[in-house]
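Numbers for residues simply follow the sequence, beginning at 1. Just the heavy atoms: all of them, side chains too, but no hydrogens, waters or symmetry mates, feed the values below.
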Amino acid sequence: MITEESIERLKQMIDIADVVGSYLELTKSGASFKALCPFHGEKTPSLIIHPQKGFYHCFGCGASGDAIKFVMEYEKLTYPEAIEKIAGLYNVSLSYTDVASNAPKSALLEKLSSFYQKRLESEPNALEYLKSRSVHANMIERFEIGYAPASSETLRFLEGGFFSQNEALELGVLAEENGRLYARFIDRLTFPIYAPNRKLVGFGGRTMGNHPAKYINSPQTKLFNKSKLLYGYPLAKEAILKEGKIIVTEGYLDVILLHQAGFSYAVATLGTALTLDHLPLLSKGEPKILLSYDGDKAGIAAALKASRLLANHGKEGGVVLFSGGLDPADMVAQKRIEELNRLFLRPTPFVEFVLQKSAESYDLSSPLQKEAALKECGEFLRTLSPLLQEEYKPLLASLLKIPASLIRTVKSPRHPLTPPKEGIGAGGSELAEASLIKTILEQPRLLEFVLEYLDSEVFGVHQAEFELLKLGEFEHPKLLRILLQERIHPLEESALKEQLRLMLRHFYSKKLKEIAANKSLDFKIRAFWLGKIRVHLEKLEKGGLVPYESFGAL
């Protein structure tokens with residue numbers, strides 16, 4: 001095992017541009033570099049490498065991490081293998097501990113997984129259950145399915161392997177109640193759950209009887225976060241990238257049977273709804289996302305929530321629902337493979353699904369209910385791009401049986417790349433604000449200077465992005481989007497000061513009009529602020545700068 005000291009020593013020497021540059025051709029972009037992302041097909045560079053911050057991020061597929069993660073993903077290596085690879089590049093010697101006395105914590109999970117798999121061989125009821133679900137022997141082996149026996153057996157195994165109870169508790173293998181230790185998984189089929197880097201991080205368990213909790217998972221640990229993991233992803237990754245598709249299901253057996261039927265790009269959420277945390281994994285390689293859910297009330301609700309999320313993030317794909325109480329595993333067991341294939345070839349697009357199901361939830365024979373449906377669907381449409389809003393207006397009008405003219409959409413503000421009207425830019429222009437933000441991204445030392453004169457309120461369009469700058473979230477996708485745009489240019493020092501002046505003039509001119517028109521304000525308060533703003537504007541008109549001043553609740 002590589003010692004932490006030698007890993008930290010290596011990290012201090014790593015220049016991420018050197019490491020990534022040994023694999024890809026880099027192009028200088030301010031203080032950063034750009035390259036074609038190797039994790040998805042593209043013709044325009046969207047991979048940004050930040051030497052100062054030591055990380056990379058792809059705006060196209062969401063891939064991100066440090067130099068070690070890049071080597072792991074690019075060469076499909078484990079963490080120790082990537083460390084050794086980089087050490088070779090830098091000609092650095094690594095130190096190792098005595099493996100026998102310093103076994104990594106993951107060894108407990110691996111040994112326990114082997115124990116569960118071995119135990120399955122002598123459990124006829126579990127084997128019969130898998131057979132009844134049409135799971136083939138090669139799938140049992142491929143997915144390392146096991147069987148968790150009585151709690152006492154698992155405890156004896158851990159004691160016999162000299163694993164510490166604290167470690168077992170920490171990894172979620174054991175639980176404790178009133179001083180009594182017991183195994184979390186009892187009389188269940190077990191499904192090892194791996195992180196994308198193929199590291200075993202926990203287990204899922206499925207009852208074979210009528211237990212109210214059909215599925216359970218390992219609890220949240222420092223290794224296991226069910227909201228960021230997808231069951232079967234490491235086994236499906238190659239097919240996902242090759243086919244450009246990913247099927248998202250709700251159960252382990254759905255994944256296993258779909259792989260058995262040739263749909264080897266299937267994965268499953270771990271008993272949780274699809275969340276924002278799943279998007280980076282789902283975005284790798286930009287696959288078409290197919291939601292494969294049960295057609296019952298719960299399945300429809302889950303598909304609706306996931307479709308809203310995916311539509312809002314511009315993901316391509318759609319929803320496939322199964323009726324008659326069936327799920328994908330049942331379809332495979334019944335040898336209805338061709339029917340499955342046809343369903344996956346014709347999913348209901350996410351936006352269409354949301355509009356259909358939202359409209360169906362109202363009694364459209366009632367004018368008031370129809371108005372409520374229009375409000376809900378209209379609000380959803382307005383979260384999409386102007387093009388998609390216009391494309392789906394006729395469908396919504398047809399669903400609600402109303403004229404399309406009643407559906408209000410939101411026109412997008414001026415495009416970020418539209419040239420501003422005043423020199424560097426009018427105070428509120430998107431390009432002007434973006435240029436200022438890009439300047440800070442490339443020269444972070446300027447943030448403190450800019451904060452003397454501006455706050456988020458001064459921005460017209462990019463308030464959220466400036467808040468991210470203040471929080472130091474330089475790697476956030478919203479900021480990386482600005483950094484990536486070649487037509488957004490950083491400002492020289494003199495131009496930066498002029499942009500600050502213009503933005504402040506725009507801000508205080510707007511405030512002057514607002515306060516002057518506010519007759520509900522006390523006369524003395526209004527006079528005080530009007531006088532103060534006029535002084536600020538006079539200084540700004542003469543070419544000077546004034547500090548930002550908050551107007552509180554005015």
Side-chain angles (χ1 to χ4, degrees), residues 410-474 476 478-479 481-483 485 487-554:
V410 178
K411 291 184 179 180
S412 64
R414 190 173 59 196
H415 193 279
L417 300 180
T418 301
K421 294 180 179 179
E422 288 186 44
I424 300 170
S429 89
E430 290 185 86
L431 180 60
E433 295 178 5
S435 294
L436 189 147
I437 289 171
K438 188 168 187 176
T439 304
I440 298 172
L441 286 171
E442 295 195 355
Q443 301 182 66
R445 60 180 177 80
L446 293 175
L447 179 59
E448 187 174 348
F449 169 74
V450 172
L451 283 173
E452 292 182 27
Y453 302 102
L454 299 186
D455 203 77
S456 305
E457 188 184 5
V458 181
F459 286 77
V461 177
H462 292 297
Q463 290 188 0
E465 287 83 349
F466 193 72
E467 280 295 319
L468 291 168
L469 278 179
K470 288 165 59 180
L471 294 171
E473 299 285 344
F474 282 37
H476 194 281
K478 286 186 177 181
L479 296 180
R481 180 184 294 114
I482 291 174
L483 191 64
Q485 294 286 347
R487 291 177 60 190
I488 297 175
H489 301 291
L491 305 170
E492 299 293 337
E493 183 177 350
S494 60
L496 173 64
K497 290 181 179 178
E498 177 63 1
Q499 183 54 46
L500 293 175
R501 187 185 72 82
L502 289 171
M503 290 178 70
L504 286 166
R505 189 182 69 177
H506 179 83
F507 172 72
Y508 283 120
S509 296
K510 183 179 177 183
K511 282 295 179 184
L512 185 72
K513 293 177 182 178
E514 288 177 359
I515 293 174
N518 189 353
K519 303 303 181 184
S520 64
L521 273 179
D522 179 85
F523 173 80
K524 290 183 179 179
I525 294 175
R526 190 164 77 247
F528 170 79
W529 281 112
L530 290 175
K532 197 164 190 177
I533 291 173
R534 289 191 180 103
V535 170
H536 286 338
L537 286 172
E538 183 178 353
K539 187 173 181 179
L540 290 166
E541 290 293 340
K542 292 179 179 179
L545 291 174
V546 295
Y548 162 77
E549 190 154 7
S550 173
F551 291 85
L554 287 181

**Message:** Test side chain to side chain contact (heavy atoms under 4.5 Å, CB included) on Q499 and E433; report intermediate values, then the result.
**Reply:** CA-CA 8 Å; Q499 183 54 46; E433 295 178 5; 5.8 Å; no
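- Looking at heavy atoms from C-beta onward, L483 lies out of side-chain contact with L479 at the 4.5 angstrom threshold.
- When all heavy atoms are compared, the tightest approach of A434 to I482 is O-CG2, 3.6 Å.
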Query - side chain to side chain contact (heavy atoms under 4.5 Å, CB included) evaluation trace for H506 with M503 - result: CA-CA 5 Å; H506 179 83; M503 290 178 70; 5.7 Å; no
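- Looking only at side-chain heavy atoms (C-beta outward), F466 and L469 come within less than 4.5 Å of each other.
- Within the model, atoms CG of L530 and CD1 of I525 stand 11.5 Å from one another, a figure rounded to the nearest 0.5 Å.
- Residue E492 places its CD atom among 12 or fewer non-hydrogen atoms of other residues, nucleotides or ligands, all under 6.0 Å distant.
- With values rounded to the nearest 0.5 angstrom, I437 atom CD1 is found 11.5 Å from R481 atom CZ.
- Looking at residues two or more places apart in sequence or on another chain, you find a side chain to side chain donor-acceptor pair (under 3.5 Å) between K532 and E549.
- When all heavy atoms of S509 and L537 are compared, the closest pair comes out as OG-CD2, 3.6 Å.
- A salt bridge links E538 with K542: the distance from a Lys NZ or Arg NE/NH1/NH2 to an Asp or Glu carboxylate oxygen falls below 4.0 Å.
- From R505, atom CZ reaches atom CG of L540 across 8.5 Å, with rounding to the nearest 0.5 Å.
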Does the side chain to side chain contact (heavy atoms under 4.5 Å, CB included) test come out yes or no for K470 and D455, once each step is laid out?
-> CA-CA 9 Å; K470 288 165 59 180; D455 203 77; 3.1 Å; yes
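- Shown here are the side chain to side chain donor-acceptor pair (under 3.5 Å) partners of E465, two or more places apart in sequence or in another chain: H462.
- Between the CG atom in L500 and the CD atom in E498 there is a gap of 9.5 Å [rounded to 0.5 Å].
- In this structure the side chain of L436 reaches within 4.5 angstrom of the side chain of F459, judged on heavy atoms.
- Residues A464 and K478 come closest through the heavy atom pair CB-NZ, 4.1 Å.
- Looking at E514 and K511, their side chains come closer than 4.5 Å, going by heavy atoms from C-beta outward.
- Two residues are said to be in side-chain contact when any heavy atoms from C-beta on lie closer than 4.5 Å; P490 and Q443 fail this criterion.
- You'll find the side chain of T439 stays beyond 4.5 Å of the side chain of H489, heavy atoms only.
- Partner of Y548 under the side-chain hydrogen bond (donor to acceptor under 3.5 Å, both in side chains) criterion, chosen from E452, E457, H536: E457.
- Residues L454 and F507 are not in side-chain contact: their nearest non-hydrogen atoms beyond the backbone lie 4.5 Å or more apart.
- Each ring-ring contact (aromatic ring centres under 6.0 Å, His included) pair with one or both residues in residues 433-452, not counting sequence neighbours, appears once here: F449-Y453.
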